[in-house]
Structure formats: C-alpha cells, structure tokens
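Numbers restart at 1 for each chain; the letters A, B, ... are given by sequence-line order, proteins then strands. What you are looking at is a predicted structure, and each value in this text was computed from that prediction instead of being measured.
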Amino acid sequence: MAIETLFIANRGEIAVRIIRAAQSLGIKTVQAYSEADAEMLAVRLADEAVCVGPAPAAKSYLNIPSVVAAAKDAGADAVHPGYGFLAENADFARAVEDAGMIFVGPKAETIERMGDKVAARIAAKEAGVPTVPGSDGRITADEALSVAEEIGYPVMIKAAAGGGGRGIRIAQDAAELARLAPQARAEAEAAFGDGGLYLEKVIVNPRHIEVQILGDGTGAAVHCYERECSLQRRRQKVWEEAPAFGLPDATREAMCNAAVALAEAVNYRGAGTIEYLYDAAADEFYFIEMNTRIQVEHPVTEMITGLDLVAMMLRIAGGETLPVTQDQITCTGHAIEVRLNAEDPLMQFMPFPGNVASLSIPEGEGLRFDHFLYEGYQIPPFYDSLLGKMIVHAPTREAAIDLMAETLKDLEIGGLKTTTPLHLALAADPGVRAGDFHTQWLEPWLDAGNLTATDAA
Amino acid sequence: MTDIVSPLPGTFYHKPDPNSAPFKSAGDAVAVGDTIGLIEVMKTFIEVKAEAAGTFSDYAAADATPVSAGDVLAKMG
C-alpha cells in the first residue's frame, strides 16, 4: 500500500526535507506545528498544517496523544517522525500503528531493543559485530586483573549499579588496577549500596564512524557506506564527512558488512545507522549503538551515493521491497556537512535566536543547503539551535574542504549569529586538513583559543 | 525603582528547578551579580543576573512563561 497522505511530526529543516521527499513521490503532506511555529517554512510548504499544542515541546511535538490524534483527524495514512522528538520513542511508533497508520521507521519492538544498551550490545554480538572488549558482567577484583590482562590496558572500572559517571576509574596498568579496584568498589557500595564492578577497555582518542543502512523489514538490508563524525563539541556533531578518510579498504568493508549483518539480524525496516568507535592506531572498530531513525548528517551519504534516503524510507514504509541492491550503491567523491546553529561561537556558543534580516544562499555544482529560513522569519527560542546544514560534494576531500570554505564565505544570513566562524576556522586548520583528529580533539582545540585566533573569527 | 530586563527571548523561570524556592522573594537584598532567574533559550539555560544592587520587589514576568528580549522580568526598589 503506497502512502497517499503523510503526517510530519517534526519541525525545522528536517520537516522541510521530508515534505520535499514526499512531494517528489506525489504524496500529500500534512505538517504538525506548535503555537510558536505557525510561521515556519514547513507549514508554508505542506499541503495542510495542523496545530498540535503550545510552544513547549512537551506540550506539542512530544505529546503523543495530541500528535496521533492530529494525524488521524487529518486523514493521514503514515507518520514520519524525523529525528529528535518522538523519532526513537517505541510508545509513539506503537500508538501510530494502533491508530491504523504506518510509522515511517522500524517496528516499535526494534526501537525498544536497540534503545536498550545491554540488549543492543547482545544483538550486535550475536550478529558478529565487534563490541568494546570488557568483562561479561560483574567481576571480583582478582578477576578484574585477569580480564584486564586479556583485553589490554588502559581499562575502565565501572560500577555495575552506577550511572552519571560515578564510580568510574581508569587504570593504565596492573598496579593501578589493583589499587583502584577496591576504591571503586567502596565508592559504588557507598553510592549505590552495591559494590558490583565491571571492566571495559578504554579506547584512546577514538574516531566516530557510522554506517548508513536501509532494511525492508523482512531481513534484507544494504549499506550506503560510512560517515566520519569525529568533530564533536559536548558530544554534538558539528562537522560530518562521507566517506571516512584514510580507512583501510578491508576495515571499511568489515564495518559496512557488520552493519548489514546486524540490520538483517533484527529485521530492520527503514533507514538506520550503526555507530562505531574506531581505534585508528590499532585499526579496530567497536559497535556503540544503533540509531533507529534518519539522522541530521544523512545528506553527506546522499551526496556520495546519489540516493534520496528519505524518499526510500517512504517507499519502504509504503510496502516496497528494498528500492536498491547493494551493487547499485556506489560511492563517488567526498562530501562534507557542517551544522549552522543560531549561536555565537565567540561568546561561549551563546544561543542567538533572531530575525532573519536577509538571506543569500550560494548555488552551484556540488552545493546543497538544507534549512528552514526565509527573510523576515523570526527564529523561535523554544527549540534547538540548528538553522540549517551546508553540504558540499567534490571529487576529493581537499577540494571539498576548499569548496566548503568558499561557500560559507558566500553564505549570508543577516540578523543572526551563527556557527559559520567555527567552520571557517576548522576548514583552515592544518589538523582538519590532514584528517588528524578524533572525538576528543575539538574541545581542547577551542579551549586553546584556535577559534578566536583566526581571521575567520 | 530598577527593572531587570531579559537579555534574550526564551522561557523565564523563577526557580533553579521545579522543586526549589524562587531565587528571590519580596524584601530580599539584591547584590550586583546575584542570580534572579533563568532564561531557557534553545535548550540552554542562561542565568539572569542583577546589574545593580537594591531590594527585590517582585517578579514582573510569571514563572515558566515565554518572554522577549527587553521584557521586564523583575522589579527592585
């Protein structure tokens, strides 16, 4: 059953993105909006729009009964959750299906299973995907020493009952482990009334590499290559690339194949992402989690493969088998996406929701700007600060970085502060140019004053 | 009388968290730099600080309500 009317349960740039994909397939669109979002671009572009509640997201975009009722009343036969909000909420997926509509994403059970860290790790292990080496559950101090010997130092000692970073110790060698394990046990006992410990290998300065997959829900899946997302601030990705650079062919193949194996093992339906930590020095990768939704950084994959991932999600949700076979999915050139947030990077990234006084967007070969801006638009202060994503595609990584810098210099968004100066400084940085970075690289780089020291600022 | 105005648009809160007492009550002494409330803007909480000393009169904007930049949040005597 192909989708005829799609309800978009999200806002901002992803809502615009989903409307465009739906329109390309001839699907009618109904856009959800909060009282603070009546003027947003997606409302203007959709065939219809429905208010789902007041400005605070908890009362509108996150209100499951309200969103489901609005979709049902609008006569929608499918709901796209976008990313964030209810995108990975199993109760929402279930409520949509219980109301007789299609949830554009995996089954509620899959969301639940992959959202549980332990269950996801078990599923990965069963599918043969490498996980971060560690103890199988709780161990004694003596066992800790032998496990550490086996997996290699440094190791992280964690409280089994812990959370929020409490009860964690890092040991560089056996002597340190022997000294720290009893301390960790005592701290865990005092904090949680449970002195149980477990052990995990510390991956030093890992890169974050993730594989995009598509599944049809019946056990067939394909991969669309990988993305490099190591430039992060406060665990938020700021700059993303496809493909990852300097990855040995065998490693890339192993990562992509493992992702497909996991997607097939859980009968994954729709677009999903398998995230890995990559230890470049050891050339080893480890599963960390699966994201059961379309991601902010999906455009870089679209640029290198030429696929429309959101349109594919809609076709699969409408009952089609996988629209592409693995041998039809190719990787050409290099793509980079940077996130433009309404923040002042020179003032501790203070949010800056203003009025879009002017807007001039560069156009040309290999350029794409996913956004929800128009001149005169007042950015509401109630939601996250992402304004849009500049995406470039060029034959080589070097050319892509050059193109990104040129494009950002030509992009003009008047009336707002944005993170453009950060991206211009990154594009000019020798470390970024050399691909010499990891997930722990950006924050010390900022702390060292690299942003304020450049002309770009 | 001195007004304390919002530096940013967002949601104004009188309390550091829902279960705590308000930052200030009528009659409290206010020193320069005292926090009198929070503005939530784009998922970030910004402390609103007094730029002058005085005696707290009352909040002018209700707790947990949307405010615009320049709105009066609180009054001091």
Checklist entry - Do you know which two heavy atoms are closest between A:Ser385 and B:Met42, and how far apart they sit? => result CB-SD, 3.6 Å
So what's closer than 4.5 Å to chain B heavy atoms on [X]: side chain, backbone, both or neither?
| X | value |
| --- | --- |
| A:Ala36 | neither |
| A:Pro380 | backbone |
| A:Ile379 | side chain |

Checklist entry - Does atom CD of A:Glu412 have more than 12 heavy-atom neighbours, drawn from other residues, nucleotides or ligands, at distances under 6.0 Å? => result yes
Checklist entry - For atom NZ of A:Lys237, is the number of surrounding heavy atoms from other residues, nucleotides or ligands below 6.0 Å larger than 12? => result yes
Item to check | Distance in Å, A:Met350 CE paired with B:Thr44 OG1, rounded so as to fall on 0.5 Å steps | outcome: 9.0 Å
Checklist entry - Is there a side-chain contact between A:Asp384 and B:Lys43 (heavy atoms, below 4.5 Å)? => result yes
Checklist entry - Any side-chain heavy atom of B:Val41 sitting closer than 4.5 Å to one from A:Pro353? => result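 Contact flag for B:Val41/A:Pro353 side chains = yes.
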Checklist entry - Hey, which of A:Phe349, A:Tyr383, A:Phe352 has the most heavy atom pairs under 4.5 Å with chain B? => result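 Among A:Phe349, A:Tyr383, A:Phe352, the one with the most close pairs to chain B is A:Tyr383.
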Checklist entry - What residue, out of B:Pro66, B:Ala69, B:Ala64, B:Pro9, has the most heavy-atom pairs lying under 4.5 Å from chain A? => result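 Ranked by heavy-atom pairs under 4.5 Å with chain A, first place is B:Pro9.
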Checklist entry - By a 4.5 Å heavy-atom criterion (distance strictly below it), what part of B:Ile46 contacts chain A: side chain, backbone, both, or neither? => result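 Side chain of B:Ile46 only, per the 4.5 Å heavy-atom cut-off to chain A.
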